Amino acid sequence: MVALTTVAGSVAAAAGALLVAWPIAIWWEVRKLEKPKYVVTRTLKTRQTPFFGTTAEIRSYAPFLTAEVTLEGCDMNKAMGSGFRQVAGFIFGKNKAVDREGAEKVSMTSPVAMEVVHNEKIGMTAPVMSQQDGGGVYKVAFTMPSKYTKDTLPRPDNPNVKIIEVPSRTMAVLTWNGGVPREETTASKTQELRALLAAAGVKSTGSVHVWGYHPPWALPIQRINEILLEVESK
């Protein structure tokens with residue numbers, strides 16, 4: 001009986017240590033990843049407590065490269081899954097190096113980005129509906145490491161993967177901690193950001209962008225998600 005108690009205690013201690021170490025390891029790995037460079041030009045909202053609520057600000061982003069795929073006729077979740085696999089395949093070796101024979105592994109960066117080109121529920125201003133229409137158009141992209149130019153980046157084997165030069169632009173950004181964004185959450189957070197912009201007298205243009213900085217298995221309280229809308233620069 002004593003032996004069983006000792007084993008149970010050891011298992012519980014190991015499980016507790018893992019619960020502590022796992023989030024720290026994820027935080028450290030994400031922290032090391034290269035991210036798009038920006039300067040905050042205006043704060044629209046600050047959260048009252050860490051990890052809860054939302055923050056909103058306007059950022060001026062420097063130009064960067066992305067590898068992206070466009071997906072049509074599916075819902076947001078399926079688009080993210082398929083797009084992620086295709087772009088991940090490119091950076092993990094399904095490509096042709098420019099300066100030598102064979103493939104080249106491209107370093108992972110953060111965030112994984114989705115542009116909602118068309119989705120009636122996310123673009124709407126009426127209350128959010130839970131039913132998915134399955135007819136959206138999305139672009140899923142990874143930011144490429146800044147050491148590359150379009151000429152030096154490996155060439156994708158997959159013809160669906162396109163290399164895009166994103167120019168400098170001004171973006172309004174709403175940030176929150178939570179699970180992987182679904183259509184309903186994306187729609188409600190987009191409405192929140194648009195309301196903040198309207199109150200500040202700032203006009204937005206273009207599509208809704210959804211950025212996620214952490215892997216799906218990160219704890220919801222740890223995951224950083226963002227909604228971005230391009231705004232007129234002044």
Side-chain angles (χ1 to χ4, degrees), residues 22-23 26-27 29-30 33 35-36 44-45 47-57 59 66-89 108-143 160-161 171-198 204-230:
W22 181 250
I26 292 176
W27 170 82
E29 289 302 317
V30 172
L33 297 177
K35 301 169 183 65
L44 302 175
K45 179 183 179 183
R47 70 177 77 185
Q48 300 302 313
T49 57
F51 304 112
F52 295 100
T54 58
T55 62
E57 58 193 19
R59 302 172 182 171
T66 66
E68 72 172 35
V69 297
T70 301
L71 302 107
E72 302 182 18
C74 57
D75 62 48
M76 184 174 170
N77 297 339
K78 291 181 180 178
M80 177 57 80
S82 176
F84 184 95
R85 288 190 294 272
Q86 292 186 65
V87 183
M108 186 68 185
T109 61
S110 184
V112 175
M114 169 179 279
E115 179 181 353
V116 183
V117 180
H118 171 72
N119 181 303
E120 292 183 358
K121 293 192 297 299
I122 292 174
M124 68 190 289
T125 56
V128 180
M129 306 297 290
S130 61
Q131 182 179 357
Q132 295 180 339
D133 61 13
V137 180
Y138 308 90
K139 295 180 179 180
V140 178
F142 291 5
T143 304
N160 295 332
V161 178
M171 308 292 286
V173 185
L174 184 81
T175 306
W176 78 98
N177 293 77
V180 177
R182 308 301 184 187
E183 287 186 336
E184 294 82 3
T185 303
T186 300
S188 66
K189 296 299 184 184
T190 299
Q191 290 181 36
E192 181 180 348
L193 179 56
R194 284 177 171 154
L196 290 169
L197 290 174
S204 63
T205 61
S207 304
V208 176
H209 300 259
V210 187
W211 288 10
Y213 290 81
H214 290 73
W217 53 85
L219 297 175
I221 197 172
Q222 185 179 25
R223 283 185 54 84
I224 296 175
N225 303 306
E226 292 182 335
I227 294 292
L228 300 90
L229 296 170
E230 188 168 1

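Just so you know, residue 1 is the first one in the sequence shown, and it goes up from there. Note that the structure is predicted; figures quoted are calculated from it, not measured.
Looking at Y138 and S207, their side chains never come closer than 4.5 Å, going by heavy atoms from C-beta outward. Taking 4.5 Å as the limit, every side-chain heavy atom of E57 sits out of range of all side-chain heavy atoms of L44. When side chains are defined from C-beta on, I227 does not count as touching W211, because their heavy atoms never get closer than 4.5 Å. Taking the side chain as every heavy atom from C-beta outward, I224 and N177 approach each other to under 4.5 Å. Residues V69 and K139 form no side-chain contact, since every pair of their non-hydrogen atoms from C-beta on lies 4.5 Å or further apart. Side-chain contact between M76 and M114 is present, with at least one heavy-atom pair separated by less than 4.5 Å.
A donor-acceptor contact closer than 3.5 angstrom is absent between the side chains of T143 and K35. Between the side chains of R182 and N77, a donor-acceptor pair is found at a separation under 3.5 Å. Checked by atom type, the side-chain pair E192/T54 shows a donor-acceptor distance below 3.5 Å. In this structure, a donor-acceptor pair under 3.5 Å is present between the side chains of T175 and E226.
Taking both residues in full, the closest heavy atoms of P111 and P36 are given as CD-CD, 3.7 Å, listed atom of the first, atom of the second, then distance. Heavy-atom minimum distance, A79 versus L71: O-CD1, 3.6 Å. Closest approach of P216 and V180 over heavy atoms only: CA-CG2, 4.2 Å. Smallest separation of non-hydrogen atoms from A56 and L196: CB-CD1, 3.6 Å. Nearest approach of A172 to L193, heavy atoms of both residues: O-CD2, 3.6 Å. Smallest separation of non-hydrogen atoms from A218 and R223: CB-CG, 3.8 Å.
Counting only distance, with no hydrogens or angles, the side chain of N225 and the backbone of G178 share a donor-acceptor pair below 3.5 Å.
Taking CE of M108 as the reference point, atom CZ of F142 lies at 4.0 Å (rounded to 0.5 Å). From D75, atom CG reaches atom CE of M80 across 12.0 Å, with rounding to the nearest 0.5 Å. Interatomic distance, S204 OG to L197 CG, rounded to the nearest 0.5 Å: 5.5 Å. The CD atom of E115 lies 4.0 Å from the NE2 atom of H209; values are rounded to the nearest 0.5 Å. Expressed to the nearest 0.5 Å, how far CG of L229 lies from OG1 of T190 amounts to 6.0 Å.
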